[in-house]
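What follows is a single structure, written as structure tokens, with notes after it.
As the structure is a computational prediction, the values presented were derived from the model and not from experiment.
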2 protein chains.
Amino acid sequence: MMVKDRANFNYFHFLILVHLLSIGGRNNYLEITSGQMSRIINRSQQTASKVLIDLERENLIERVKNNKKFGIRLTEEGYQTLQEIYIMLKKSIDNSKNNKIFFKGKIVTGMGEGAYYMSLEGYKKQFHDKLGYEPYPGTLNVRLEDKHYMISRKDLINQPSIHIEGFKNSDRTFGWVKCYAATIIQDVNINHDSNPVSKNIKEMDVHVLLLERTHHDNSLIEVIGPQSIKEVSNLKNGDTVIIKIKN
Amino acid sequence: MMVKDRANFNYFHFLILVHLLSIGGRNNYLEITSGQMSRIINRSQQTASKVLIDLERENLIERVKNNKKFGIRLTEEGYQTLQEIYIMLKKSIDNSKNNKIFFKGKIVTGMGEGAYYMSLEGYKKQFHDKLGYEPYPGTLNVRLEDKHYMISRKDLINQPSIHIEGFKNSDRTFGWVKCYAATIIQDVNINHDSNPVSKNIKEMDVHVLLLERTHHDNSLIEVIGPQSIKEVSNLKNGDTVIIKIKN
DNA sequence: ATTACTAAGGGACGAGTAG
DNA sequence: TCTACTCGTCCCTTAGTAA
């Protein structure tokens with residue numbers, strides 16, 4: 001986001017400009033006093049007067065004195081200023097709607113349990129039907145290190161998911177599994193101010209699992225895919241990866 | 001326009017909130033430092049730190065400390081705050097597009113010239129063809145009193161208009177006339193903070209004229225209509241009227 | 001009525017710095 | 001490094017008031 005450094009432009013200046021616009025101050029000189037303006041911004045008449053003087057100096061409004069009162073209207077520059085802010089806000093809000101939850105963590109060795117679970121018929125058929133593929137036998141385990149990723153991971157359970165039913169066989173009960181479509185990619189970037197950025201490395205489509213039996217360990221994420229993620233993406237233990245939930 | 005009085009919410013708070021949103025701070029905790037924030041608002045790290053503390057206190061952002069750094073994201077309230085401002089701005093801007101130029105003035109006696117000009121064949125036919133009616137012979141003259149209406153009246157020439165050509169007969173030359181579709185209505189309102197408001201009085205569709213020969217007198221507006229405006233609207237000399245240009 | 005100047009007080013901003 | 005405290009300075013807000 002680029003913000004022009006406007007000398008003498010604070011929240012009151014902004015509010016007064018918006019107010020003038022909303023009551024028709026783009027095409028007409030409005031008869032509105034500093035006293036009325038002061039009520040809009042909840043400050044004294046003197047402060048409102050000062051704001052109006054500032055806005056006039058910055059060429060954001062024009063004023064025409066008539067007797068003791070002023071007629072006031074926005075200048076083209078004043079209108080453009082509001083439009084810029086509007087566009088900036090609109091972009092941010094629109095952008096936020098496409099914005100997905102992501103996690104950063106290191107690949108660690110699993111307990112080998114993953115392979116066992118993936119191979120159980122009770123899960124295998126459901127995975128095949130609901131994910132569209134039979135998972136490679138074995139989960140990729142990613143350990144989160146920053147506390148805020150663990151909080152986000154705890155929030156996962158509230159996100160829309162593909163639900164795999166639990167089942168029992170003669171020996172024991174197997175819990176439900178929630179699957180979240182996601183992409184995984186190696187983290188090779190220096191953080192420039194914000195989002196994860198990738199460099200020539202291919203994202204791989206995967207699913208993040210939330211297992212009934214382990215969903216309280218918020219620092220671990222288990223990931224499955226149609227093929228071995230480590231092999232396809234050439235990843236090894238200790239590598240840092242970024243997992244983006246697709247929603 | 002209604003503006004919630006937010007204690008501790010100034011332009012910097014607004015800018016930082018927008019920035020967080022634009023880089024994905026709605027769904028994820030972002031690793032962003034007070035130093036980076038200070039560059040966004042062009043203030044010191046200390047001031048940015050203060051702004052973040054304020055935003056957290058006001059429950060507009062959440063922060064999770066991890067070692068020395070924070071992960072930061074917007075709260076639902078923070079997001080709603082930006083959305084409110086966005087909607088307010090959008091309404092103002094949309095509104096301004098429907099906003100028409102208007103004039104307030106008093107009805108005065110014309111020189112009787114109007115009737116003469118209206119009756120000239122060279123104009124009459126063009127009025128009929130371009131306005132769709134033959135004007136009542138005689139113009140209504142409205143005298144502007146506030147200086148800012150005179151400035152707006154001077155701007156009229158830049159607005160889109162219906163152009164009536166001048167002509168000459170054996171005696172002399174008659175100049176062009178620009179016509180602007182407008183409505184006229186008696187001004188009976190106490191100014192409540194803004195726009196002209198009407199009370200049970202019917203607007204009448206008319207045209208404002210700008211005559212080549214008199215367009216330098218910015219305090220006088222000449223109005224024509226299919227019937228006598230004074231009679232139809234029951235107006236007399238000295239009454240204050242509002243003339244809204246329709247564009 | 002207005003607008004806006006002056007003076008005074010308080011709050012905001014930033015340098016220095018601790019943790 | 002990071003955040004955020006203290007404190008000095010300066011700016012902003014407002015009461016009083018002139019025009």
- Query: Which one, C:dC5, C:dG14, D:dC2, comes nearest to the side chain of B:Lys69?
  - Reply: D:dC2
- Item | Of the listed nucleotides D:dC5, D:dC12, C:dA4, the one nearest the side chain of A:Gln46 | C:dA4
Nearest-Å distance, [atom1] ([X]) to [atom2] ([N])?
X       : N      : atom1 : atom2 : value
A:Arg43 : D:dC11 : CZ    : P     : 19 Å
A:Glu31 : C:dA1  : CD    : C1'   : 13 Å
B:Gln36 : D:dC2  : CD    : P     : 8 Å
A:Asn10 : C:dG11 : CG    : C1'   : 14 Å
A:Ile41 : D:dT14 : CD1   : C1'   : 12 Å
A:Lys50 : D:dA15 : NZ    : P     : 16 Å
B:Phe70 : D:dT1  : CZ    : P     : 19 Å
B:Tyr11 : D:dC11 : OH    : P     : 21 Å

- Message: By the 4.0 Å heavy-atom rule, please label A:Thr47 as base, sugar-phosphate, or nothing.
- Response: base
- Query: What nucleic acid atoms does A:Ile53 come within less than 4.0 Å of, heavy atoms only: base, sugar-phosphate, or nothing?
  - Reply: sugar-phosphate
- Message: Please compare B:Glu56 and A:Phe12 by the position of their nearest nucleotide in DNA chain D and report the one closer to 5'.
- Response: B:Glu56
- Task: Could you pick out which residue, B:Gln45 or B:Val51, lies toward the 5' side of DNA chain C when each is mapped onto its nearest nucleotide?
- Result: B:Val51
- Could I get the full list of salt bridge (Lys or Arg N to Asp or Glu O under 4.0 Å) partners for B:Lys91, not counting sequence neighbours? none
- Query: Could A:Glu203 and A:Lys246 be called an ion pair, given the rule that one side-chain N must be under 4.0 Å from one carboxylate O?
  - Reply: no
- So does A:Arg143 pair up with A:Asp217, basic N to acidic O under 4.0 Å? yes
- Message: For a 4.5 angstrom cut-off between non-hydrogen side-chain atoms, does A:Lys178 reach A:Tyr180?
- Response: yes
For [X] and [N], is the shortest distance between a side-chain N/O and OP1 or OP2 below 4.0 Å?
X       : N     : answer
A:Arg63 : C:dA4 : yes
A:Ser34 : C:dT3 : yes
B:Ser49 : D:dA4 : yes

- Task: Check the side chains of B:Asn237 and B:Lys106 for a donor-acceptor pair under 3.5 angstrom, ignoring hydrogens and angles.
- Result: no
